Protein chains: 2
Amino acid sequence: MADTGTTTPRERYRAQVRTEIKDHAWGQIASAGASALSLNAIAKQMGMSGPALYRYYASRDELITELIRDGYRSLADTFQAAAAPGADLTALAHALRRWALDHPQRYFLLYGTPVPGYHAPDDTTAISSEIMATLLDACVALADSPSERSEVSPATSFAAHLADHRQWAGDHPAPPAALHRALAFWTRMHGVLSLELAGHFTGMSFDPEQLFAAELDGLLAGGAGLPAGP
Amino acid sequence: MADTGTTTPRERYRAQVRTEIKDHAWGQIASAGASALSLNAIAKQMGMSGPALYRYYASRDELITELIRDGYRSLADTFQAAAAPGADLTALAHALRRWALDHPQRYFLLYGTPVPGYHAPDDTTAISSEIMATLLDACVALADSPSERSEVSPATSFAAHLADHRQWAGDHPAPPAALHRALAFWTRMHGVLSLELAGHFTGMSFDPEQLFAAELDGLLAGGAGLPAGP
DNA sequence: TCACGGGCGTTAGAACTTATAACGAACGGC
DNA sequence: GCCGTTCGTTATAAGTTCTAACGCCCGTGA
């Protein structure tokens, strides 16, 4: 898009095959998890023989890396789409939940057990920053809303810590309280979603969505959401 | 322990080899993750040839299952040890954090990305209940503490839901508010620990322990812990 | 004390996997 | 239309899990 619009037929064909490979890869990941992803199986599904795929991806890890990149891209897009009207934290949470429930294995590919040796390339961390920026926008908007204006930020001790360690927010003009809320949003939503998707709630009879909603409520109210607050 | 105390030398030898296999397995998991666990490599480390291990574990999955069982057992034990004095939620949180940071891959083996086809055996879910019972004790104790007595449980809507869906708590006499707090404890601590252990905070400059402490504070205060509460 | 049986470790082999090397064919730019 | 780059092939190497068949040796029972 940024470079020359002239794409040779070869490049177009190559790009098409690469996306077809990724499509089959996502299919395998959805059904058996990322660890069971097999280049050989993908090749057979596409009617080619194994080593042919190495013309398109140098290794299994390179393919997975691109899948991770696409996953982050997809999450960043749905986040921005959900934040379109006015950057609502509730809309973000619901979009995140739907995105995660839609493709659990994709969620785990991004936020699940890390491969010990693997190091994320720079562009994926760039997309992460994009996601975080959208989240920070929503947190700032929430803090500016009428129901929140009544109180001066009590500046929790962690918010004070963040005031001195905010480089991860880039040059985003969010106050420390918003930074704290964004991190709490991330970790709490992930806490519920991760355990739910992993099936740790299956034996238990309650509705995970209601737990998710309760955590979101606590986040929006800025502290409420748990019983018996003194 | 429950059956005859007379163990034949063969049984003793067998048990010893099984634990030696598991020791090597933990070593591999700690260094390269559970997905890279190789029975062949373990056999070589022990000076045996590959198929010999199949006399002790029918399959790689059976070995991993036993590792998971041992992992749950270890967590349940440290939880009970931490709760020994008076079932303090703070002590539980710190014990959990130390336990997780000590062996990150062990934590992920229990709470990380699940294997799609895998179904946990009954005894591991039994140990999970044991862990949950210890957590519920601490939550009840917190609710009975002086600082919490001032208020009648506001009964969040999720707590109301739990009042009707509490079978997972077994016959534990915890009120719905305590059930809610226990689940929030679980998901929030897991949210921070999981992302921290996976390295999602590494690029960011803040101290994950302070975020963990902030989430714990919010849990103890029953709602505070986030800035700008209305 | 001796013999027998069962548990244990071995090697061989099947069916997989990722990945490399070498070869032939086909497609596209000049 | 030629010629070169790229693509897909087969062959091969080095792994993996797991089964099968064989032999040894330890420990139990007589």
Side-chain angles (χ1 to χ4, degrees), chain A residues 3-29 31-68 109 115-118, chain B residues 3-29 31-68 109 115-118:
Chain A
D3 49 78
T4 80
T6 72
T7 60
T8 71
R10 279 231 153 107
E11 283 171 344
R12 252 176 296 158
Y13 176 73
R14 184 177 178 81
Q16 177 185 338
V17 173
R18 278 176 76 105
T19 65
E20 188 177 352
I21 291 174
K22 286 193 287 184
D23 285 347
H24 285 98
W26 280 122
Q28 283 196 13
I29 286 181
S31 64
S35 62
L37 193 151
S38 159
L39 291 188
N40 245 323
I42 294 177
K44 279 179 185 171
Q45 285 180 3
M46 295 178 62
M48 313 198 295
S49 236
L53 292 199
Y54 286 83
R55 297 284 178 194
Y56 300 93
Y57 291 97
S59 71
R60 184 176 174 276
D61 275 12
E62 190 182 300
L63 170 59
I64 290 184
T65 294
E66 185 145 328
L67 293 177
I68 292 177
L109 189 61
V115 179
Y118 181 81
Chain B
D3 48 80
T4 80
T6 71
T7 59
T8 71
R10 279 234 154 105
E11 284 172 342
R12 251 175 297 156
Y13 176 73
R14 184 177 177 81
Q16 178 184 338
V17 174
R18 278 176 75 106
T19 65
E20 189 176 351
I21 291 175
K22 285 193 286 185
D23 285 347
H24 285 98
W26 279 122
Q28 283 195 14
I29 286 181
S31 64
S35 62
L37 194 153
S38 160
L39 291 188
N40 245 324
I42 294 177
K44 281 179 184 171
Q45 284 180 4
M46 294 178 64
M48 312 199 296
S49 237
L53 293 199
Y54 286 82
R55 298 284 178 195
Y56 300 93
Y57 291 97
S59 70
R60 184 176 175 275
D61 274 12
E62 189 182 301
L63 171 58
I64 291 185
T65 294
E66 186 144 327
L67 293 177
I68 292 177
L109 189 61
V115 179
Y118 181 80

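Because the structure is a prediction, the values reported are computed rather than measured. In what follows, chains are A, B, ... by sequence order, proteins preceding strands, each numbered from 1.
A donor-acceptor distance shorter than 3.5 angstrom exists from the side chain of A/R14 to the backbone of A/R55, with no hydrogens or angles considered. The backbone N or O of B/Y57 sits nowhere less than 3.5 Å from a side-chain atom of B/R18 that would complete a donor-acceptor pair.
For B/P51, counting side-chain heavy atoms from C-beta on, the closest listed nucleotide (D/dT17, D/dA20, C/dT20) is D/dA20. When distances run from any side-chain atom of B/S59 to the nucleotides C/dT18, D/dC18, C/dG28, the shortest one goes to D/dC18. The side chain of B/R60 lies closest to D/dT17, out of D/dT9, D/dT17, C/dG6.
Residue A/R55 is in base contact, counting any heavy-atom pair closer than 4.0 Å across all strands shown. Among the atoms of the strands shown, only primed sugar atoms or phosphate atoms (P, OP1, OP2) are found under 4.0 Å from some heavy atom of B/L37. Residue contacts shown for B/Y56 are limited to sugar-phosphate atoms, with no base heavy atom under 4.0 Å away. Among the heavy atoms of the strands lying under 4.0 Å from A/S49 is at least one base atom, whether or not backbone atoms are also near.
When each of B/L39 and A/G50 is assigned the nucleotide of DNA chain D bearing its nearest heavy atom, the one mapping closer to the 5' terminus is A/G50. Where A/A58 and A/K44 meet DNA chain C, the nucleotide closest to each residue was compared, and A/K44 sits on the side nearer the 5' end. Comparing A/T8 and B/L53 along DNA chain C, the residue whose closest nucleotide (by nearest heavy atom) sits nearer the 5' end is B/L53.
The interatomic distance linking A/Q16 (CD) with D/dC7 (P) rounds to 13 Å, in whole Å. Here C/dA22 presents its C1' atom at 17 Å from OH of A/Y54, a figure rounded to the nearest Å. Per the geometry, CE belonging to B/M46 stands 8 Å off P belonging to C/dG9, to the nearest Å. The separation between A/Y57 atom OH and D/dC7 atom C1' is 16 Å, rounded to whole Å. Here C/dG6 presents its C1' atom at 13 Å from CD of B/E11, a figure rounded to the nearest Å. Taking atom CD on A/E20 and atom C1' on D/dG8, their separation rounds to 14 Å, with Å as the unit. Rounded to a whole Å, the CZ atom of B/R18 is 14 Å from the P atom of C/dG7. Nucleotide C/dC8 holds its P atom 11 Å from the CD1 atom of B/I21, rounded to whole Å.
A donor N or O paired with an acceptor N or O is not found under 3.5 Å between the base of C/dC8 and the side-chain atoms of B/R10.
How far CG of B/L39 is from CD1 of B/I21: 8.5 Å, rounded to the nearest 0.5 Å. Distance check, rounded to the nearest 0.5 Å: CG of B/L53 to CG of B/L63 gives 8.5 Å. From B/H24, atom NE2 reaches atom OG1 of B/T19 across 10.5 Å, with rounding to the nearest 0.5 Å.
The side chain of B/R14 places an N or O atom within less than 4.0 Å of a non-bridging phosphate oxygen (OP1 or OP2) of C/dC8. For the OP1/OP2 pair of D/dG8 and a distance below 4.0 Å, the side-chain nitrogens and oxygens of A/Y13 include at least one atom meeting the criterion. For the OP1/OP2 pair of C/dT18 and a distance below 4.0 Å, the side-chain nitrogens and oxygens of A/N40 include at least one atom meeting the criterion. Residue A/S38 places no side-chain N or O under 4.0 Å from the OP1 or OP2 atom of C/dC16.
Between B/S38 and the options B/Q45, B/R60, B/Q28, a side-chain contact (heavy atoms from CB on, under 4.5 Å) holds for only B/Q28.
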